[in-house]
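Taking it in order: structure first as C-alpha cells, then the write-up.
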Amino acid sequence: MAAEALAAGGAQVDVFDAMPSVGRKFLLAGKGGLNLTHAEPRAAFTRRFGREAERVAAWLEALSPRACAPGQRA
C-alpha cells in the first residue's frame with residue numbers, strides 16, 4: 001500500500017521481495033506468525049536500528065497518521 005501511495009504521488013518505486021510473489025508474508029500471516037498487532041513505544045522500536053535510529057524515526061514520523069492525515073501533506 002505504501003508503494004502504491006508513493007507511486008500515485010509521482011515517486012519512482014521499486015518493490016523487492018525474496019518470496020515468490022510480492023507481499024506473500026502478509027498473505028501467509030495467519031499461518032506464518034507475522035504479528036501486525038505488536039506495539040511498543042516508538043523510542044524502543046527505533047533503538048533497534050542502532051546507528052540508523054534517528055533516520056528510521058524520521059521515516060516513521062513522515063509516514064505517521066498525523067503527517068498523512070487527509071488534507072495535509074506528509
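Under the rule for a side-chain contact (heavy atoms from CB on, under 4.5 Å), the partners of Ala3 that lie at least two apart in sequence or sit in another chain are Val13, Val15. Arg55 pairs by the salt bridge (Lys or Arg N to Asp or Glu O under 4.0 Å) definition with Glu52, not counting sequence neighbours. Residues passing the side-chain contact (heavy atoms from CB on, under 4.5 Å) test with Arg42 are Thr46, Leu60, Glu61, Ser64, Arg66, sequence neighbours excluded.
Here Arg47 contributes atom CZ and Glu40 contributes atom CD; the two are 8.5 Å apart, rounded to the nearest 0.5 Å.
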